[in-house]
There are 2 protein chains.
Amino acid sequence: MASASVVDSQLNEVATKVKQYHFPVESIPRLSYDDPEAERLIRNEEPVILTGTNLVASALQWSPEYLSNNIGHGTYTVYSSKNHKFLYYDDKKICKVPTFTPPTTHQDMTFQDFLNKVTEWKEGEPYNYLQQSLNDSVGPQIVQDFAAFNWKWISDERAKNNWGALTSNLLLVGMDGVVTPVHYDEQQNFFAQVHGFKRFLLFDPSMFGCLYPYPVFHPHDRQSQVDFDNPDFDRFPRLRELKGRQAILGPGDVLYLPVYWWHQVESVPGYGMTVSVNFWYKSGPTEKIVYPLKPHQKVAMMRNIEKMITEALNNPEEVPPLLQDMVLGRYT
Amino acid sequence: MASASVVDSQLNEVATKVKQYHFPVESIPRLSYDDPEAERLIRNEEPVILTGTNLVASALQWSPEYLSNNIGHGTYTVYSSKNHKFLYYDDKKICKVPTFTPPTTHQDMTFQDFLNKVTEWKEGEPYNYLQQSLNDSVGPQIVQDFAAFNWKWISDERAKNNWGALTSNLLLVGMDGVVTPVHYDEQQNFFAQVHGFKRFLLFDPSMFGCLYPYPVFHPHDRQSQVDFDNPDFDRFPRLRELKGRQAILGPGDVLYLPVYWWHQVESVPGYGMTVSVNFWYKSGPTEKIVYPLKPHQKVAMMRNIEKMITEALNNPEEVPPLLQDMVLGRYT
Ligand SMILES: [Zn+2]
Ligand SMILES: [Zn+2]
């Protein structure tokens with residue numbers, strides 16, 4: 001309990017230091033894993049910070065140094081960015097947009113080489129962010145820690161909420177201040193914070209119209225075109241209507257991040273490197289159709305329509321004029 | 001030949017009298033039915049005026065008076081409009097748009113009652129337009145004239161162009177000056193002029209984006225929202241880019257009106273009542289897919305998407321916000 005309140009007071013301190021953007025934020029509830037309200041939120045696909053899950057209790061010693069000493073000499077994917085932002089892109093979609101220039105590069109390197117880069121980093125050099133699914137090439141100590149995750153708790157959650165299979169555990173090791181810009185994912189996620197502090201900004205699926213995601217065929221599919229540091233209200237007028245929620249996670253905290261919820265994830269500047277592990281699960285079977293459709297069902301529908309049109313036209317350049325013809329002056 | 005040149009000189013005179021709108025028009029070629037160029041145009045789904053088809057030669061005596069004396073005492077659908085415009089609407093879609101007020105009314109009446117209304121019409125009274133599929137309730141003289149249409153020629157055309165079945169023959173009897181505002185149909189049409197003069201304005205399917213049709217679920221589906229007499233360039237900016245074609249038809253002329261081509265049809269003011277018969281055919285089986293898709297294939301695709309979305313949302317009011325979210329700031 002003593003250590004919990006140390007973390008609590010640190011979280012309060014962090015909350016006073018994070019950057020404010022143009023939109024208001026409410027706090028996401030922070031509840032014990034056995035609080036019935038937490039279960040209700042998960043069942044309703046609303047975000048909640050869970051304490052006491054012990055999901056990654058066996059990994060709380062995973063500092064970057066510990067990982068470097070124990071993870072072995074396999075290679076890990078490390079993204080490199082000229083600034084602190086790491087906007088995701090899908091390599092497989094680059095051919096669809098000939099003018100696309102990737103905003104980050106990535107290369108495979110050992111954990112030790114990654115950590116050297118970070119510890120020797122000087123202002124003006126590229127930022128680095130390790131993002132790699134955990135696999136069986138890791139050393140025996142890490143295997144043991146991983147095996148001791150609270151698999152019983154998370155499997156029970158999966159079953160209770162009727163989700164599909166666990167698809168991957170992504171290990172994220174970031175430099176102080178790195179940011180994953182606002183986007184949504186197509187899976188359910190339990191995001192476990194292991195080391196350092198992360199700030200999440202979340203937006204429910206009904207905010208789609210305020211966040212202007214790239215077209216589905218674009219390499220930045222699922223990513224917002226909006227830059228919170230530099231909001232362009234002329235191009236994106238509904239951005240003014242945006243309302244968010246905030247979660248600040250410290251070691252041991254688990255965030256339930258519902259499928260289709262938008263999120264920006266920041267390693268809080270000034271608090272050092274971060275280590276996180278996420279647990280991605282397939283969504284359950286399609287719910288019974290109840291009208292009106294839920295916002296996330298509409299998002300799924302829009303994605304399917306965009307895919308269908310892009311496929312049928314066989315040329316991404318013909319998609320914007322067709323959608324403009326279909327909508328402008330007719331549904332506007 | 002003497003009578004043909006009488007018609008020709010009348011057509012030239014009519015051409016100098018029709019109203020000019022804001023867009024330029026080219027003349028549609030007027031060719032003999034046996035001109036190979038005419039066949040090429042039909043095969044390519046481009047409009048052409050055909051002379052010498054004799055398609056309705058047996059009906060050239062179908063003046064309104066002749067019809068009144070011979071058509072019998074069955075009832076016909078007569079549309080009534082406060083002005084000279086008859087904007088079509090689909091009764092079955094009225095329930096989808098609670099605020100919809102039909103711009104015309106219709107009632108069933110005998111041909112004789114219709115003709116009385118027209119001959120006794122005074123300025124300020126509603127305009128009347130008879131529009132009814134020919135059926136077997138007509139009198140024996142009309143049956144005989146109908147049977148003597150040049151069915152051989154038109155059946156050969158149907159076969160050559162691989163169209164489907166003849167779906168209906170619509171008889172149109174209009175007062176001087178009536179207008180069917182710009183719209184498109186989903187069938188192939190041979191439009192036969194029987195009595196009086198009609199002016200067609202046509203626009204190819206690529207003009208979809210300049211003509212802003214009503215949503216697919218709207219009773220005015222397939223009709224443009226644009227009023228050529230009162231063009232609203234603020235609401236419909238691409239209307240300025242519109243380019244049209246013009247056809248003036250006199251008795252005996254047959255216009256090939258390709259599927260998905262936009263058309264406005266006007267009984268030329270000052271030239272009396274008009275009688276026309278159209279021959280609607282189902283389009284052929286879907287063509288082999290060749291990229292880029294043709295404009296009319298894109299129109300068909302947009303219609304399907306709009307139908308799908310409207311059906312999936314189960315509420316027409318949710319369609320505009322969804323399409324706006326999908327397109328504005330993303331594909332604009
Ligand atoms: Zn994500
Ligand atoms: Zn029509």
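Values below: all heavy atoms of this structure, side chains included; hydrogens, waters and symmetry mates excluded. Chain naming here is simple, since letters A, B, ... match the order of the sequence lines and numbering starts at 1 in each.
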>> Using only atom types and a distance under 3.5 Å, with no angle test, would you say the side chain of A:Gln324 pairs donor to acceptor with the backbone of B:Gly209?
In response: no
>> For a quick test of reading the model, state the closest non-hydrogen atom pair linking A:Met301 to B:Ala312 and the distance between them.
In response: SD-CB, 3.5 Å
> How many angstroms lie between CE in B:Met326 and CD1 in A:Ile309, if you round to the nearest 0.5 Å?
Replying inline: 5.0 Å
> At a heavy-atom separation under 4.5 Å, does B:Arg238 approach chain A through its side chain, its backbone, both, or neither?
Replying inline: side chain
> How many angstroms lie between atom CG of B:Leu211 and atom CG of A:Asp325, to the nearest 0.5 angstrom?
Replying inline: 10.5 Å
> For B:Lys93, does the NZ atom sit with more than 12 other heavy atoms under 6.0 Å from it, leaving out its own atoms?
Replying inline: yes
>> Show the nearest heavy-atom pair for residues B:Arg330 and A:Phe208, with the distance to one decimal.
In response: NH1-CZ, 3.6 Å
>> I need the A:Leu328 CG to B:Arg235 CZ distance, nearest 0.5 Å.
In response: 13.0 Å
> For A:Pro213, is it the side chain, the backbone, both or neither that has a heavy atom under 4.5 Å from a heavy atom of chain B?
Replying inline: both
> Hey, is NZ on A:Lys82 packed in by over 12 heavy atoms from elsewhere, all under 6.0 Å?
Replying inline: no
>> Quick check: closest heavy atoms across A:Ile305 and B:Met308, and the distance to 0.1 Å?
In response: CG1-CE, 4.0 Å
> Do you know which two heavy atoms are closest between B:Glu318 and A:Lys298, and how far apart they sit?
Replying inline: OE1-NZ, 2.9 Å
>> Ignoring hydrogens, what is the shortest heavy-atom contact between A:Tyr291 and B:Glu311? Give both atom names and the distance.
In response: OH-O, 4.4 Å
>> For the interface with chain B, which of A:Gln225, A:Glu306, A:His218 has the highest count of heavy-atom pairs at distances below 4.5 Å?
In response: A:Glu306
>> Heavy-atom pairs under 4.5 Å with chain A: which of B:Pro215, B:Pro321, B:Pro237, B:Pro292 has the most?
In response: B:Pro215
> Rounded to the nearest 0.5 Å, how far apart are CE of A:Met302 and CG of B:Leu322?
Replying inline: 5.0 Å
> Does atom CD of B:Glu186 have more than 12 heavy-atom neighbours, drawn from other residues, nucleotides or ligands, at distances under 6.0 Å?
Replying inline: yes
> Nearest 0.5 Å, what's the CG-CG distance between B:Leu293 and A:Asn314?
Replying inline: 8.0 Å
> Where is the tightest heavy-atom contact between A:Tyr331 and B:Pro320, given as atom of each residue plus distance?
Replying inline: O-CB, 3.6 Å
> With a cut-off of 6.0 Å (strictly less than), are more than 12 heavy atoms of other residues, nucleotides or ligands near NZ of A:Lys307?
Replying inline: yes
